[in-house]
Every structure is written in structure tokens, then in C-alpha cells.
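All ligand and atom numbering here is 1-based and tracks the order in the structure.
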Amino acid sequence: MFAGSLLITSAQLKSPDEFLGYPLGDQYTPHHKIVSYFQQAAAAKPTMMKLEQYGQTNEGRPLMLAFIGTPENISKLEDIRKNNLRLTGMLSDQPGDLNTPSIVWLSYNVHGNETSSSEVSMKTLYELLNPGNVQTKEYLKNTIVIIDPCINPDGRDRYVNWFTQMKGKNANPNTNAREHSEPWPGGRYNHYNFDLNRDWAWQTQLETQQRMVQYNRWMPQVHSDYHEQGYNNPYYFAPAAQPYHEVITPWQRDFQVVIGKNNAKYFDANGWLYFTKEVFDLFYPSYGDTYPIYNGSIGMTFEQGGGGRAGSAVVIGNGDTLTLKDRIAHHFTTSMSTLEVVSKNSSNVLKEFKHFFDDARNNGVGEYKSFVITDANTNKINGLKRLLDVNGITYGTANISNLKGFNYFTGKEETFNATNSLVVSTYQPKAVLAKVLFEPRSKLIDSATYDITAWSLPYVYGLQAYAVREKVAVTPYAEKQKSVTVPETSYGYLVSYGSFEDAKFLASIINAGIRVRYAEKDFSLNGNKFKRGTMIVLKNGNEGKMESFKQAAGKYDANVTAISSGFVETGADFGSGKVRFISKPTVAMLTGKGVDASAAGEVWHLFDQELNYPLTLINAEDIANVNWKNIDVLILPNGKYKFLSEKDGANELKTWVRQGGKLIAIENAVAQMAAGDWGIKLKKNEDEKKEEKPMTYAEIKKFEESEHNGITSNIAGAIYKIEMDNSHPLALGFPNYFYNLKQDDNLYDFLKDGWNVGVIKKDSYTAGFVGHNLKEKIKEGLSIGAQDYGRGSIVYLADDPIFRCFWENGKMLFTNAVFLVGQ
Ligand SMILES: [Zn+2]
């Protein structure tokens, strides 16, 4: 104990330096100490600050928000929050009052290894509370500041714990030092290797789910998201780069410039370098800048040079040494500068914020004013409803005949009947977000974007839907009555199969040891027709397990029919070879060095959190030590697999498959197998087959066009309509098409000795940006294939069907691959 430390009571606010026992930036602060710092500040300044824990991470770390304001504002914080929601119309008990503080939300450390920003969170908090700082007291007069000190504590601690173990007494700025080379999977991601800055709208991750509840309660006027970029870049702040989504208002654009100019003023005064209007665009809706923007806020990304390779000191390209203290100084400066601008413009900020929502509610948004979901699959619709609910997007029901609209599945304007349909209107507070998520094709001004370019929800969920130009009158959405009780049976049950929810049910009963069969062909029984894929669960063989079957059926809303006989009128009897028994597979996946961390994370999350089915994770480097007898299914997510190009490694895998194993290869794993002799080949396009010809004058390019010349051969993530052979087990439960996200130009020759389950045809392109060179190339080829191999089988998924775990309709394809193929 240091002398004197006993004299400091908890009632005294400590600076970060005092509290931590080292000058901020001297070393990295583990998350629990950041939590403690915020707790002591809350104890010391209870009238100016409220600290709330809003959740916890997968690894059990607390997620927190600090609310800072004047004592007067903090004492009526709940009134301020409600009034703010009234400005949006999300709370409609009475009109909102513009005489209220603005709300600025500062989010630190969404990417765990972009570490300087959580250090900054403590300094920002201290300066807001410090009585000696008269400037911040001025800001707080008309501003509530919300601080999330760390959005991704698991990722941050993964990096910080590792770095602290790697470094010596002093940081080593030499880039060759091991402390600059982070091991797999890196601290960027959360526990399941998800990038939380791609998850705002989809909310597949625990951290996002809990945070978005708070976000939708507060709806800030300004949201700042603190990041780090490669250490040779200086600093980026708004205004953002093109493309901007067309919904972004002139006010939102202009105010980004106002904030940017204020940041520039401080950076200029310090002689610091920065750039604006480049790289970081505003299009994909699931970032910490675009999502707030589509929710009426000024959303901004801030990028300090640094990141996982920067250590706490690093020699950069020009020979200077960049330190953690420098990084802290820059992020702190833009944090304060943002608060200053908002405070100075508070009344205007509030007025424009209100206008954004008034305009949406009164006038609707976009060319399509209503999105009408006519699909009859309740389980699939429930999936969509969950997404709408967590985003605060409201919906109703319509029963109207002869509506006209754009049919998402045919791509044509058609007349249709909206019977018991789900309707999302753009006359609502969340109209802009609804438009961005539903519009069939998003307009791209500039195609050099950072992320995927298509995400329209009817394709993502595989739901028959129409985009309608007029406002469709709706009635409140009537929840369909859940059939909670499964009837008694003397013989068994039939369960329909056609959604990811059904697949979850299947995984759950298989895992519970229930014996399940599925029908390979349509059949009729007792005068009722049943589709292929129908699950058959007989009493015989499932003695003592029917109670758990019934519970699972209730949990997953399974569509269950009780039967008293197995005698079918048409189709195959249940004892036929056309009715397949599904054995319970032991499933494993390769992870670790060489494997795409996000791709592996998706599969891991799918099994661990959604299917609740055991998955064995094996380090790809340890493949030589695998006991193959204990594995039935092996998944190779996107990655580089050295053993696939080594004869022995590939042979061992082939032997296992021949003896009955099932291999599921995804994205680049397929491409690597195509380089070998597995039976699949990359499709070569005509250009590549032609001999090299000298360039003509017309083909030569100017240097300044270099960036855009690349774009003609670019695909950032576009939607293709895959034609499905749904007579194959891999496509069971699907119609004869599936909308897939294509992220590269890899396409394969049709399989001669296999099943071409999902193919791209001449006219399969549906939405999103594809450079015209590639558009020509991505035609007529295999995307999804299956192949018998000895007694085993191989599934090829050229594209990622479960992208970021938000591509809901692809999850059933994936579970089909795991549980149905090769049975
Ligand atoms: Zn980042």
C-alpha cells in the first residue's frame, strides 16, 4: 500500500493516472480495470454520472454505459430519454419538446485490437467530470454524453493479455518483434470471431443484441465509433467517402463536414496529419456509422493509425515512432471536438433530428412505400419478425386483392393478392432503415465500397415478397396462435421441413437421441399430401423419448401431424429405402492458423448458439494427429489448407471420405480441392483460354484511372439466384431456387460424377454491384455441389451460405449438408 493512499476516499474523483498507478498510455489497461475506473468515477460523482451495466459478453465480462451530464440533467435522465424518443415518434404519448439536451454517444473499442480508444474512454470520462475543466462543463449544459468504454471486452482482453505477455520491460518499436504479430484469431473479433462492426442491423451477436436494446431506448443525435487503421496511415475522420447511400440527408452530409472541420482545426494546430472523404464509405447498413445514420443520427467512424500490429510503440514508414500515447491524444482530441461542435449547434441538431423522423412518418421514404410479405411459411416469417422487432421496425397485416408491386422472385412488376400478409410501411419512425433493408436494389453512386452491396431481406430470408409504390393500409399484425400441444399418437408423427427453424428442431431431436427418418419423395397418407423432406418420427424405437420430442416441437414451432398408420397411398412406405434414417453425426471443423477466422466463427456460432449441437474444433495444424475414427463430418471453412496441396495430407483425407466420411468444403477450400484431383474443377472463362495478345491503343489506361479500372473486375458481394435441384437431400425444403451472396468470381464446371445441386445460369444475377468484366464471367457454372466418394460424400459450397450468420435462408442449406446428405 502506498503511503497516503488510505487518505483518498472513494468520494474523490481520481484521474486515470492516479487510479491506474501509471501514466495513461504507458501500458495497456485490462478491461476489468477500466470497469473499476468507471465505477470509482460513478461513486465519486453520483450527481453528474450514472453507470449502468447493460449486459455481459460471451466470456462473462460486463458491458457498460456511462451517462454524463449536469446534476440537473442527470436527475431527470429518464424524462430526457422519454422526451428524446417522442422527438422520433417511437414514443407517441405526447409531442416531444425541443428544449432538451442533445445526446452524444461515444463508442470505444468495437474492434478489440484497436486498443487506444478504451484507454481514451477513461480520459474522456475524467475530463467531463473534472471540476477544473471549464470547457466540458460548458458542453454538458446542453448535452448528455453516453460513453460505452468498450463494446468488445472479450476481443480487447484477448489482445491486451497476449500483448502484455509478449513484451519485455519496454515496448519494442521494431516491427519484427513478436509483439507486433498477433496470433490467430486476433483481438479484432468477439468470442465467436465475429466483427461487431458488421453486426449492428443483424444483431446475431450477444454484445450487439444487448447494446441495441439500449440504443433504441436512447436514439442519440450523434454517434462516434472509434477505430484504428494500419499504423502507416495517420488519422481519418468524417466527412466520409463515397458511396453514400441515397437516403443520407443533406443535413447529415453537411454536419459531418462541420464536425470534420472542427477536428481539422485541432489537428492543424498540433501539426498532425489526417485525411477525410476517402476509404470509409456510407453504404452497408450494419456499421457503427451507417446504422446510426439510417436511424436519424450523425454517425461517424474515427480511425487512428495503430491496430493490432502497432504494439504500444512502433516505427512507422517515415521513420517516426508512433506510441500508444500519441494514439490516445488523437482520439481524445476528436472526442472533445465532437462534443464541442454538438454543444455549439445543439438546437439545430435537435431540430434536424426531429425533422428526419417527422418527414419519415408523414411522407414515407423512397420509391416503394410498402413491402408486402406474402409468403405462407410461418417459421420463416417469424425469423424476419424477430429482426424487425430488434430494430424497432413496425409492421401490420393487409388483406387486399389486386395490388401491384415488384415481385422480388421474378424481378417483374406484377398484380398480386395480399392475403394475411405482413406489411412494412415506410410511413414510420424507422422508415429509412426499413427502406435500406428491404429495397430490392440499392443505388450505388460509386462502386469502390468497403463491403457487400446487396442485403435485401426477402432474399436473405427467402421470403416471397413485393415492393409496392403506394401506401398500403394495414391493420395490427395478428399473431398466429401457437399450437402448443402435440396430439397423442399410436404410431408416430410427421413433421414438415422448410425453414431454418425446422432444421434447428431436427438438430435438437437428433441430438436428444430421437430416431428420425426423412422421405426422399412426396407421399400421401390418409388423404393428405406430404412433401419430400418430411420428417418421420415413429413411436417404435423412440420409447421414453416422446416427451422430449413434444417439448422440442413446441419450442421450435414445428408443424406436426399425428398418424396412426404408416401405410401410404402414394409414394414410399416408411420401411422403404426411399425413406432415409438420419444417424447422429459427430461433427468437426478445422480452425486456427490459415483458416479464415470469421468464416470459422460463423460455423462455430451456428452450432454452439443456434443449433445447440456439439461441434469439435480442431486446429488445422494438428490435422496429422486427428483420430479419424471419431469423426463423421468434417467442415473446412474458407481458408488456406496446406495439407490439401500436400500429397500425404490429401490422401489421408481421401481415405477417410472413401471409408464413409463426409467432407463439407466452403469457399476457398473448394478452390483448393479444385486444384487437386477430387473431381471438381474451376471454370475457366473464354478470355483466360485465349492466348495473350498485345494490347491495343484503345486498351491503355491513364495512371489516375487506376483505382476505377480495378472495379470492372470487382465483386464486393452481390446476390445471385441459384437454381436448386430440390430433389437432392442438400436442397430439401427449398423451392427450386435459393438466393446466395456471391463474393468472388469462383465458379466451377458442372460435375460429371456428382450432383449439380445449385447452379448459376445465364441470367442469375439479381442485385448488388458486379464489375462488367465479371458479370460476363459469372454465368453457367456450379455453385453448390455434392459428390459420392467411395462410401462417403463431399459437399462443395463455393459461396458462403451463412454469411455473418445473418443470411438466414442459407442456414438450412448448411444443416442439410451436415445432417441429410449421404444418409
Ligand atoms: Zn476498426
Plane angle bin for W162 and Y159 - parallel if under 30°, tilted between 30 and 60°, otherwise perpendicular: tilted

Residues in side chain to side chain donor-acceptor pair (under 3.5 Å) contact with H245, at least two apart in sequence or another chain: E439

Pairing residues for Y215 by the side chain to side chain donor-acceptor pair (under 3.5 Å) criterion, not counting sequence neighbours: none

Counterpart residues, side chain to side chain donor-acceptor pair (under 3.5 Å), relative to T115 (two or more places apart): Y28

Total protein N/O/S atoms whose distance from the Zn ion (ligand 1) is less than 2.8 Å: 4

Geometric class of the Y236/F280 ring pair [parallel <30°, tilted 30-60°, perpendicular >60°]: tilted

Point-to-point distance, once rounded to the nearest 0.5 Å, from CG of N391 to CH2 of W200: 11.5 Å

